[in-house]
Amino acid sequence: MIELKKSYSPEDIEDKWYVVWEKGGHFKPDPNAAGEPFCIVIPPPNVTGSLHMGHALNAAIQDILSRWKRMSGYKVLWLPGTDHAGIATQNVVERELAKEGIDRHKLGRDAFIEKVWKWKAEYGGRIIHQLKKLGSSCDWSRERFTLDEGLSKAVREVFVRLFEEGLIYRDNRLINWCPRCHTALSDLEVEYEEIEGKLYHMKYPLKDGSGYITVATTRPETMLGDTAVAVHPEDDRYKNLIGKALSLPLTGREIPVIADDAVDPAFGTGAVKVTPAHDFNDEAIGKRHNLRSVGVISEDGRMSADAGERYSGLDRYRCRKKIIDDLNERGLMEGDEKHKHSVGHCYRCKTIIEPLLTIQWYVKIEPLASEAVKAVQDKRIRLIPDSWENNYFAWMRDIKDWCISRQIWWGHRIPVWYCPDCKGENGTPPQGELIEHIFLQPVRLNDGREITGGVYSELRTAGLSHEDIIGNSKIIRIAKRVKPICLRDDLKECPECGSKNIIRDPDVLDTWFSSALWPFSTLGWPAEGSDDLKTFYPTSVLVTGFDILFFWVARMIMMGLKFMDEVPFRDVYIHALVRDSRGQKMSKSKGNVIDPLLMIDKYGADAFRFTLAAFAAQGRDVRFSEERVEGYRHFINKLWNATKFIVSQGRQPSAVNIQPSTLPERWILSRLAFAADEVNRNLENYRFNDAANCIYHFVWHEFCDWYIEFTKPVLYHGDDKEKAEVIDCLFFVLEKTIRILHPFIPHVTEELWSSVFGHDESIMISQYPSELPKYPDAEEKMDYIINAVTGIRSIRGELNIAPSLEIKADIKTLSEDVEDILKGNLTAIMKLTRCKDINIGAGVKRLKGSAVSVEDKMEIYVPIEGLLDVKAEIERLRKEESKINDGVAMLNKKLSNEDFLKNAPKAIVEKERAKYDDLAHKKEKIEENIKILNAVMNSA
RNA sequence: GGGCGAUUAGCUCAGUGGGAGAGCGCUUCCUUCACACGGAAGAGGUCGCAGGUUCAAUCCCUGCAUCGCCUACCA
């Protein structure tokens, strides 16, 4: 016989099992094996990240699904991996280098990338292996990284095909630029935040000296790039000024007053300065009126040369101050007012975004989005909970073209080359004249001149070699007119003119571009004949948080449909965000972050996982509290101790299928069958909290509280045959229970499976219980026993009868069946109520000095003459009575309502009537007893 | 500005057109040979507010309030 420790301690068992599982190869499916496939690809976390609560919840759910499906006979693949997180990773490594005083540009592109790979090898991807602590049954042999060779091939294939179809293009337009990360961002990568700012009123004099217009702006510094002032065409204050010229202060430039409907006459002064180069609205106005764009802020957030000598080189916010001062000095500053507005910030570094006019690569999204909308409309993809569908549709309708180029080095480099030596179209000068280089530092020419960059052709003429130019370039601006050559294989020489001086596009792709391909690129696409792809695509379910629904999920759907002609997954289960116990978002700055690894250390991975599952209600955020983890550790301890009790009976678990004839055994088997069904059903519907609560309730309140207690009289006093039957049943239920529990709490169940039941094979490949036999009659009968026990206990509890005091009870039964049932389980009832004698039968009379409890088909009397506090008992019964009275009154009203009898379904009327009869009977009995007690009291 | 969601026991949250639920906490009792990480018995709620639909509303509809989240070209 094995010995279990007095209480459950996760640290003793959790670590060893992961190794065993991995060695056993159970995480690794054979695509050609029998069985239905079930596949989940993990939402790849940032390679820079470390495990936080959100990942833990995400992984716990995926592991529960994976283990459940695996035990249900599916060949399960849960595919792990990370994404290269372009901007984030580059930032991390740049910071590391900065500590050593190294700038990436000095290092050079190739050397820098090498450093990042080195960093990745050392620190990267730690997060994914932290998932092992949780017990995640990922197939590590298939782990992927978005910059892997295979995935890079997929990225290139997709880019080239989209380019060839005209769905990828370059354009010169205003984009969101992060001056710190030094790159363009997509619309989604900008986070808007309310800021308490100021609205400045500035006077712009009319050219003819006849007065001025006051404009209102939150960004005075951009006035240097103003190319118009706009007013509403119907605004009487300004109508007569439309078309007139203004003299732009501090620059003397002449700008027109224009009329545009977009201007809100009620806002500010009703006159808007228009800076097409630094504001999205103004860009639109500029387009409508053919205005010039004057860019006055450059890539690093400082004022450019076009801002004029006085301001050039100043940081944009320093410049703002200076402009305000300068306008004040000239009497052109009318004042300012407080103004709340939302300002875009970089989602990676929180720097305020600067709209900049640049050339970028875009994906034409509309044709892809319309297919992606259809897939959800047709239910080829289900979003769960479906309340997200509206959000999804709304976003897809308004979607704008996706800016995919990033001005960083870590990522998939855009597979496009340009030839500076080729002639332009129609014999125009070589394209080299349209390519501008900005050097990292001044370069000395042969003639002694120092230059900081220039146009490619000129630099060549000045004597620099192609390699010199490229090697020294910090920024390369390639005009839109330069012809891109987009290829699957790297270009060595120009296919047109044969020149070997080829310039590769310096940009890399948005990380989300590669993660959009994740469901098929990880399975082997575009390689031919991949078994994994054939077997596991489309994947079964995607489990993710709503925060990346648009970033990632929508784009995967678009790309999956486009390149696989099939949805990437059938179901999308969208889980909640994990917040702290007060509902606050966890963040480092708030200091309310709970470290999942700490929770695992403290309470064990199983308790932690169970907590996450129990919290994971659909459509609501998870408010995490450590207390709950503690509570679920208690639950596992309960399971542990129940097992210990069963084991201590000294009998080996039997392998046979049991078919008991006794009531409690039939009852617990039926309850087990019910619990198994419920858990299966809830998991089927992604109702993890319901599944967890259901099995929790079964284990604690049915198996432990009732069944085990019920077996004790037999175990302690029964004969060998009776004992054997009961122990077999205990083991049987326990064995099925730990299987049901395994997906939630894999470690402890494996431990018990192996140590108690002596199985050699892992529990994770045992069969998941379902469709076990049910015994409705047993459930009905047990209810009478439970009622009898509860009734007597209530009397004991409420009348404060000492538990040590052995009492007698009389139960008057109102049906023969009930009498038989109670008599047949008399020993157990006596044990559970600590009664020394119970008298059961139709003719049982109430003895003097009895407390009473009226139950379904029985009246329970506990004669405690002498000990009975008559007053207390009357009190107790009155309380009971008043409760019943409420019900009786309500039902009475209902049943005397003719409309109810006429309109309500028959079944409901019947039910209500039965209910009424029950309550009325109970009420009558209780009143009877109150009368008797009153008589006793009065006679005393 | 638009949209979505929430509002149920002290706390955290399930739930349903027909008898208000769970976990934790609380109160009382119990260290009875699985477990004090335990057992037994209890207390506790106009189901945010106001209307409407219905025989019947915590549930459906409308409005309001409060709180979240998403979204937007508030210069």
Side-chain angles (χ1 to χ4, degrees), chain A residues 4 6-8 192 199-200 215-219 222 230 262-264 266-275 279-285 339-342 387-388 390-391 394-395 398 546-547 549-550 577 581-583 585 607 614-615 617-625 627-628 630-649 687 689-690 693 696-697 704-705 708-709 712 716 790 793-804 831-834 886-887 890-891 893-894 897-905 907-909 911-912 915 918-919:
Chain A
L4 293 180
K6 183 168 159 57
S7 61
Y8 155 71
Y192 287 88
L199 195 59
Y200 299 91
V215 298
T217 181
T218 52
R219 300 200 58 192
T222 63
V263 180
D264 174 8
F267 187 89
T269 61
V272 192
K273 61 191 257 338
V274 182
T275 325
D279 185 285
F280 290 100
N281 292 320
D282 295 3
E283 185 196 31
I285 296 176
H339 178 61
K340 219 187 220 173
H341 60 145
S342 65
S387 52
W388 285 103
N390 279 339
N391 261 326
W395 187 74
D398 294 339
F546 61 79
D547 48 333
L549 186 60
F550 306 133
L577 236 54
S581 61
R582 295 198 317 271
K585 209 166 166 172
F615 265 129
Q618 284 185 12
R620 202 191 262 266
D621 283 344
V622 170
R623 287 199 188 190
F624 191 88
S625 87
E627 280 175 21
R628 288 286 293 264
E630 201 179 348
Y632 288 117
R633 192 190 56 187
H634 295 172
F635 169 67
I636 297 173
N637 186 56
K638 186 79 179 174
L639 175 74
W640 182 270
N641 275 290
T643 307
K644 189 156 74 91
F645 171 74
I646 297 167
V647 167
S648 72
Q649 300 311 312
R687 303 187 66 92
N689 60 325
D690 290 329
N693 286 331
Y696 176 98
H697 182 263
C704 292
D705 285 353
I708 289 183
E709 293 308 316
K712 284 180 180 172
Y716 296 148
T790 310
R793 280 177 176 172
S794 287
I795 291 172
R796 290 195 83 120
E798 287 179 58
L799 293 180
N800 271 331
I801 298 169
S804 53
K831 158 96 179 153
L832 293 184
T833 53
R834 299 185 66 77
D886 292 347
M890 195 207 46
L891 288 165
K893 195 177 145 199
K894 217 174 206 181
N897 180 347
E898 276 185 39
D899 287 329
F900 172 70
L901 299 174
K902 205 167 60 195
N903 293 316
I908 295 289
V909 178
K911 213 172 123 193
E912 299 293 279
K915 233 159 38 185
D918 275 0
L919 281 185

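These values consider heavy atoms only, across backbone and side chains, with no hydrogens, waters or symmetry-generated copies. Reminder, nothing fancy here: chain letters follow the sequence lines and each chain counts from 1.
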Q: Among B:G42, B:A34, B:U28, which is the nearest nucleotide to the side chain of A:A642?
A: B:A34

Q: Is any side-chain heavy atom of A:H339 closer than 4.5 Å to a side-chain heavy atom of A:T218?
A: yes

Q: In terms of side-chain heavy atoms of A:K6, which of B:C24, B:A36, B:G18 is nearest?
A: B:A36

Q: With sugar-phosphate meaning primed atoms plus P, OP1 and OP2, does A:A216 contact a base, only sugar-phosphate, or nothing at under 4.0 Å between heavy atoms?
A: base

Q: Under a 4.0 Å threshold between the charged nitrogen and the carboxylate oxygen, would A:D918 count as salt-bridged to A:K915?
A: no

Q: Here's a test of your reading of the structure: between A:I801 and A:I908, which maps to the more 5' nucleotide of RNA chain B?
A: A:I908

Q: Mind checking who B:G63 pairs with, Watson-Crick or G-U wobble, both distances under 3.5 Å?
A: B:C49

Q: Between B:A36, B:A34, B:G15, which nucleotide has the shortest distance from any of its atoms to the side chain of A:R687?
A: B:G15

Q: Looking at every strand, decide which applies to A:N800 at a 4.0 Å heavy-atom threshold: base, sugar-phosphate, or nothing.
A: sugar-phosphate

Q: Remember a base hit wins even if backbone is also touched, and classify A:Y716 as base, sugar-phosphate or nothing at under 4.0 Å, heavy atoms.
A: sugar-phosphate

Q: Side chains of A:F645 and A:K712, heavy atoms from C-beta outward: is any pair under 4.5 Å?
A: yes

Q: Side chains of A:Y8 and A:R633: does their closest heavy-atom pair fall under 4.5 Å?
A: yes

Q: Both A:N897 and A:Y696 contact RNA chain B. Which one's nearest nucleotide lies toward the 5' end?
A: A:Y696

Q: Does any nucleotide pair with B:G38 by Watson-Crick or G-U wobble geometry, both distances under 3.5 Å, and what is it?
A: B:C30

